[in-house]
There are 2 protein chains.
Amino acid sequence: MDSSDDGARGALTEEDAPSAAFADDGKNTIGSQLASRLREAIISGELEAGSKINLDRARKTFNVSLSPLREGLARLISDGLVEFQDNRGYRVAPISLANLEEVTTLREELEVFALRESIRVGDVEWEGNIMRALHRLNRTERDAARPETLEHWEALHREFHLTLISGCGKPLLLHFCNLLLNLNDRYRRAFLVRTSGDRNVGQEHSEIAQGAVARDVEYACEKLRQHIHRTGTNLRNHLATKGVA
Amino acid sequence: MDSSDDGARGALTEEDAPSAAFADDGKNTIGSQLASRLREAIISGELEAGSKINLDRARKTFNVSLSPLREGLARLISDGLVEFQDNRGYRVAPISLANLEEVTTLREELEVFALRESIRVGDVEWEGNIMRALHRLNRTERDAARPETLEHWEALHREFHLTLISGCGKPLLLHFCNLLLNLNDRYRRAFLVRTSGDRNVGQEHSEIAQGAVARDVEYACEKLRQHIHRTGTNLRNHLATKGVA
DNA sequence: AGTATTGAAATAATCGATTATTTGTCAAGC
DNA sequence: GCTTGACAAATAATCGATTATTTCAATACT
């Protein structure tokens, strides 16, 4: 199950990992590399939601054989980013208003639960990781003009949310949350160039983090829930504007 | 000491288990059929938890080529029944006390939430399906002496729990619950030959179903939560007895 | 006209063989 | 005696070719 959750991936991996003499653990096989590339391609919208994935074309595009291609695609199924049907191949998971709402609802349920558990059993290192992730996130500006900064911000944002709940000691729960975050990020990357004016997302993150390390369960959880909910509402509006059912 | 924990030293199923009609639609691919067979083999304990899956041996056992074998295994990863590591192959997901506890906890969270939603938005057909599933389950006896009745009961039991929450209208949530049920069933199949004397599981199921169709949210959800919790406690005791960490 | 049929093209699934990586063993060196 | 390194066996990953299935369009039929 965690084969797909190798922590840092995508844009994140290139950034750090300057030292590590044995850094090559995790992206060795062609199948794995393909999984990463495809994941990024789907989340970023490069591969259109709902579109069919032609194996032959993909094979040529990526210069690989069928076996690793199928291998990579199979992993994205676990991530909920690809759908599959016998004898009918693969397609990029479609997006919809209903799906966005479900993702948001489940994030409110699961991420908040995971945060509650993290506050209950997380150790000091967990606290430290939160503060670091928060700092790195708040120090990074999203500049819509330069896509690479967007990507970077997304990576840090994702990292922050995962770190928040990383202390819960429940691998399965983390897997679910990771998956939901994947799905959610796709909507944001597609529709949210900037946050609506009435929000200060940076402050929202800070409040959640403060509450977490202060072990104030109710405060932190409520702030997180609101944060997720607002993001959902925001995305829903954008989605509706674009005319997606 | 009584149960059949002979492990079967890598003896994967030779011939088709002469069990129920698995004929299915003949339009399935080899990969799909393998996924089904392997899933059953893992949940039933035929393939020992934590054991390595040797591709070459499995290939010979099932008389198939590598491609569909990998295909099938890849699907079981989504189900949380198989783990994978680059260049190091596949292994049956291990079981542990911690995992059982997490599965139980998450079932309490997710299944109960899904039931709540189902009661809120489920239609009359959903109600009907529950009553049918309940009836079929209660009409079936578990006879420890005959394994095929166990298998049948397991299928109906699973069907009942899935039907209960099938009205929620949240595909992702159902996917998670389905996955948790898979993991949970593995523990029951392995350790629970009979329920402890102080429980009347049949009545528990009936109460949950009654509450659901009566749209009594609090009653039904609380009964379900207790049902899941009791099962978890029960399994934990059996697991501890067997000396699993 | 509309529906059913058929066969070729497109696409997916599978196979057998080959290549790459890991694991286990044993001897050389310290 | 213990570690290190080289080699061989075991195992996993990948490839190119072949087989099976679906799609689609042209044709025949009612």
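Values below: every heavy atom of this structure, side chains too, minus hydrogens, waters and symmetry copies. Computed from a prediction, not measured in an experiment: that's the story for all the values here. We name chains A, B, ... by the order of the sequence lines, and we start the count at 1 in each one.
For B:F113, there are no ring pair (Phe, Tyr, Trp, His ring centres under 6.0 Å) partners at least two apart in sequence or on another chain. In terms of the side-chain hydrogen bond (donor to acceptor under 3.5 Å, both in side chains) criterion, residue partners of B:R158 (sequence neighbours excluded) are, by chain and number, B:N178, B:N182, B:D185.
Atom-to-atom, CG of B:L55 to C1' of D:dA9 comes out at 17 Å; the value is rounded to the nearest Å. Between B:N63 atom CG and C:dT14 atom C1' there is a gap of 14 Å when expressed in whole angstrom units. Distance CD1 (B:I30) to C1' (D:dT21): 13 Å, rounded to an integer number of Å. Atoms CZ (B:R57) and C1' (D:dA9) sit 15 Å apart, rounded to a whole Å. Put simply, CD on B:Q85 is 13 Å from C1' on D:dA12, counting in whole angstrom units. Atom CD of B:Q33 and atom C1' of C:dT14 are 13 Å apart (whole Å). Whole-Å rounding puts the A:D56 CG to D:dT23 C1' distance at 15 Å. Summarising the geometry, the separation between CZ on A:R91 and P on C:dA12 is reported as 10 Å, rounded to the nearest angstrom.
Between D:dT11 and B:K60, no contact under 4.0 Å exists linking OP1 or OP2 to a side-chain N or O. For D:dT22, neither phosphate oxygen OP1 nor OP2 lies less than 4.0 angstrom from any side-chain nitrogen or oxygen of A:K52.
Rounded to the nearest 0.5 Å, atoms CG (A:L164) and CG (A:N129) are 11.0 Å apart.
Pairs engaging residues 159-173 of chain B under the side chain to side chain donor-acceptor pair (under 3.5 Å) rule: B:E111-B:H161, B:E117-B:K170, B:H157-B:H161, B:H161-B:H227 [sequence neighbours left out]. Listed by first and then second residue, the ring-ring contact (aromatic ring centres under 6.0 Å, His included) pairs that reach into residues 41-61 of chain B come to none, sequence neighbours excluded.
If you check every strand for non-hydrogen atoms under 4.0 Å, A:I53 touches sugar and phosphate atoms only.
In this structure, B:F84 and B:Y90 have tilted ring planes: the angle between them lies in the 30° to 60° band.
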Table please: side-chain donor-acceptor pairs of residues 54-69 of chain A below 3.5 Å, with sequence neighbours left out.
{"from": "A:N54", "atom 1": "OD1", "to": "A:D56", "atom 2": "N", "distance (Å)": "2.8"}
{"from": "A:N54", "atom 1": "OD1", "to": "A:R57", "atom 2": "N", "distance (Å)": "2.9"}
{"from": "A:T61", "atom 1": "OG1", "to": "A:R57", "atom 2": "O", "distance (Å)": "2.9"}

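Distances from the side chain of A:N54 to the nucleotides C:dT11, D:dT11, D:dT14 place C:dT11 closest. Side-chain proximity of B:T29 to the nucleotides D:dT11, D:dC15, C:dT14 is greatest for C:dT14.
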Its contact letters, B for base, S for sugar-phosphate only and - for none at protein heavy atoms under 4.0 Å, make nucleotides 16-23 of chain C read B----SSS
